[in-house]
Amino acid sequence: MPEAAAPPIDDVRPLRKLYRSDDGRWLGGVARGLAGHLGLPVIWVRLVFVGLFTADGLGALLYAAFWFFVPLGIGGVGSERPPAAVATETSSDGRRRLVARKPDKGQIVALLAMVVVAMVFVGNVDLDGSTKAYVVPTLLVAAGVALVWRQADNARRARWMAVGRRRRTLTIARTAAGVLLVGAGVSGVFVLQGSAAHLGAVLQAALAVLVGIALLAGPYLVRMTQDLSEERLMRIRAQERAEVAAHVHDSVLHTLTLIQRNAESASEVRRLARAQERDLRAWLYNPEGTGKDEDEEPDTLAEAVRQSAAEVEDKHGVPIEVVVVGDCPLDERLTAQMQAAREAMVNAAKYGGEGGAVQVFAEVEGETVFVSVRDRGPGFDLDSVPDDRMGVRESIIGRMQRNGGTARLRAVPGGGTEVELEMERTATT
Amino acid sequence: MSDATEANEPAEQAGAGGSEGGRRVRVVLVDDHRMFRTGVQAEIGRTDVTGVEVVGEAADVDQAVTVITTTRPEVVLLDVHLPGGGGVEVLRRCAPLMTAATDPVRFLALSVSDAAEDVIGVIRGGARGYVTKTITGTDLVDSIFRVQEGDAVFSPRLAGFVLDAFASTDAPPVDEDLDRLTQREREVLRLIARGYAYKEIAKQLFISVKTVESHVSAVLRKLQLSNRHELTRWATARRLV
């Protein structure tokens, strides 16, 4: 067994970049993102912001600035994800899975709350009358602009969420609200400047210009957005295809080349084909499987059985069919059992390989783990084996007994040998 | 085609030499890969040797339904992944044919995938068995005859999935008895999962091959009919649905 030490995965991390956190955020995810970036508890960051807020609202300004300029990302500190609010899970091989997600009304609520708080705050600040009158319209305009511009951020997130259509109504509503706010604010400024008398005429003219622009540019804009979304779709498809192509190139084409080169050696060809089939199968049908992390040490029974079978299969060129029912974490006894099972597989592959595939069956039933390895070879009589051959006696029977399990060897009615290994799991309470 | 097969012919003769007893079976091949259809055809299609007569082929769901309805084969070899909705869709649209009183059409899934969701999906759709494409020609012919007789064909892997699916139904009290596998059925399944042939299981348990087959058929019936919640729970736990 190649005892390759598992590479320390957690030590090599990409450069930390500041992102706002999407999970478990209260407002814009700034505090959580910062906390994640700096490696501090979230509550500290939040307290600092609150503290700064009392200093002439500096905290609010800072927070708003962060909110605006820092892109939304996946980061932050260990967030307990609420089950319904996870957007996408990107598995290790880069394939994305969509999980249910609610549209975040909370964000708009938070924004409005902030506007209200800001208004109250500004209202408390002493300004002379004429200046003060402009504050409300200005804030309205600012809120409107913020509402519309924040859209860009969501577009970025939408790309992670594949091409979603559910958020379209929300997007339109937000844009409309933003335009309305800006319009109200600008009109307010007009009214304050005393040109209220011409307001009707000005609005009419503005409307006419807007309609004209919409008529002229509308079709063009619609087509452009359609082209854009189509292009995005194509790009996603191309990316998927590239991924598949890369995988096929990496493993399948190389294997085919090897097979061409080894065409005379039937066993080698069979070995390569089996290994490739297993790899491709893991990649295609197993959502987690990348087919590449086979060298890592397994930590559950099912993985251990499959890995041993794969290694023996590769080494001896005999197909091994594995069926695993149930699963459990490996403990010391089960590791011993796995070693015994592996020895049994090697024996089956060596001496019983001519009769067809070796069958491996593992079952976890309550506290008992049962493994059976059978071949359809010529059969085997333990009594006829000389005493100095230790393979079966020591590696299988002895090892099982030393660890408190049992091993049975028997001849199968239809020909062949079956090794049955039974072991109690270590009581863990 | 002769219908002597429904009689009490011992299943031991269902092997490759099917034609000895003059047994014939009409088969339709459904698979979207022409190469594969040709290969299967070459492997099992020599009617005078194997007793299998391929009466039709189809490459997608619509074609399959048309071909099956017009030719009324006894057994359909059905691929799981098909353009137009997959094997499950074919099963759904051919459901009346499966339950027909005279000459019911039986389905045997033949797929390269042995992923749990594919297997469980077509079995619940009404397929009488599931074999993977690595199967040898002899075994495939054997399986076709077995399915034609109304028996279920389980691969070791399929038996493993079923055991897994029913494993969780042991602990909580289940209201319907149908949901539970009997001790004997479980035993039979376990032996299948360990790679035993039906004949070997019969010898091992000192029962007849017919009894083994009826146990397996009972498991299949339970899998189709019952344990809605259990299977759903099992599937959700594995994120299959």
Side-chain angles (χ1 to χ4, degrees), chain A residues 83 86 89 91 97-100 270 273-274 277-278 280-289 302 305-306 319-328 348 352 355-366 368 370-376 410-421, chain B residues 12 80-81 111-119 121 131-136 138-139 154-171 181 183 186-187 189-207 209 234 236-241:
Chain A
V86 187
E89 287 174 10
S91 48
R97 260 170 311 170
L98 257 184
V99 192
R270 215 173 298 135
R274 291 288 303 185
E277 183 203 335
R278 193 174 50 245
L280 209 54
R281 199 177 276 286
W283 195 72
L284 283 176
Y285 298 119
N286 187 0
E288 259 74 53
V305 174
R306 291 209 183 90
I320 298 184
E321 286 172 13
V322 183
V323 174
V324 183
V325 174
D327 200 0
C328 66
V358 173
Q359 303 273 354
V360 175
F361 171 70
E363 185 177 21
V364 181
E365 200 186 23
T368 316
F370 174 83
V371 179
S372 135
V373 178
R374 66 159 297 185
D375 62 61
R376 290 169 182 277
R410 56 197 194 87
V412 176
T417 312
E418 177 159 19
V419 179
E420 295 176 333
L421 309 170
Chain B
E12 276 93 333
V80 177
H81 297 283
S111 171
V112 72
S113 148
D114 49 14
E117 62 264 47
D118 291 335
V119 177
V131 291
T132 52
K133 284 181 177 172
T134 50
I135 192 170
T136 62
T138 323
D139 285 348
F154 270 41
S155 67
R157 217 168 147 78
L158 177 48
F161 288 143
V162 175
L163 278 173
D164 226 2
F166 280 100
S168 56
T169 65
D170 251 0
L181 297 184
Q183 203 51 43
R186 203 172 282 269
E187 228 169 310
L189 273 190
R190 218 166 256 150
L191 287 171
I192 294 175
R194 280 157 70 171
Y196 284 65
Y198 287 12
K199 222 189 300 177
E200 295 165 341
I201 296 172
K203 269 189 204 144
Q204 178 93 23
L205 298 177
F206 303 108
I207 54 180
V209 175
W234 175 76
T236 334
R238 275 140 206 273
R239 287 189 289 182
L240 298 184
V241 289

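Letters A, B, ... are given to chains in the order of the sequence lines, protein chains preceding strands, and every chain is numbered from 1. These numbers come from the heavy atoms of this one structure, side chains and all, not from hydrogens, waters or symmetry mates.
For the pair Arg376(A) and Glu200(B), the salt-bridge criterion is met [side-chain N within less than 4.0 Å of a carboxylate O]. A salt bridge is absent between Glu363(A) and Arg194(B); no separation between the charged side-chain nitrogens and carboxylate oxygens falls under 4.0 Å.
Between the side chain of Arg157(B) and the backbone N or O of Val322(A), at least one donor-acceptor pair lies under 3.5 Å.
Within the 4.5 angstrom heavy-atom criterion, only backbone atoms of Val324(A) (N, CA, C, O) approach chain B.
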*Step-by-step salt bridge (Lys or Arg N to Asp or Glu O under 4.0 Å) determination, Glu365(A) to Arg190(B)*: CA-CA 12 Å; Glu365(A) 200 186 23; Arg190(B) 218 166 256 150; 3.1 Å; yes

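The distance from atom CD of Glu418(A) to atom CG of Leu191(B), rounded to the nearest 0.5 Å, is 8.0 Å.
Each of Val162(B), Leu163(B), Leu189(B) was checked for a side-chain contact (heavy atoms from CB on, under 4.5 Å) with Val325(A), and the lone residue meeting it is Leu163(B).
Nearest heavy-atom pair, Arg374(A) versus Gly195(B), reported as atom, atom and distance to 0.1 Å: NH1-O, 3.5 Å.
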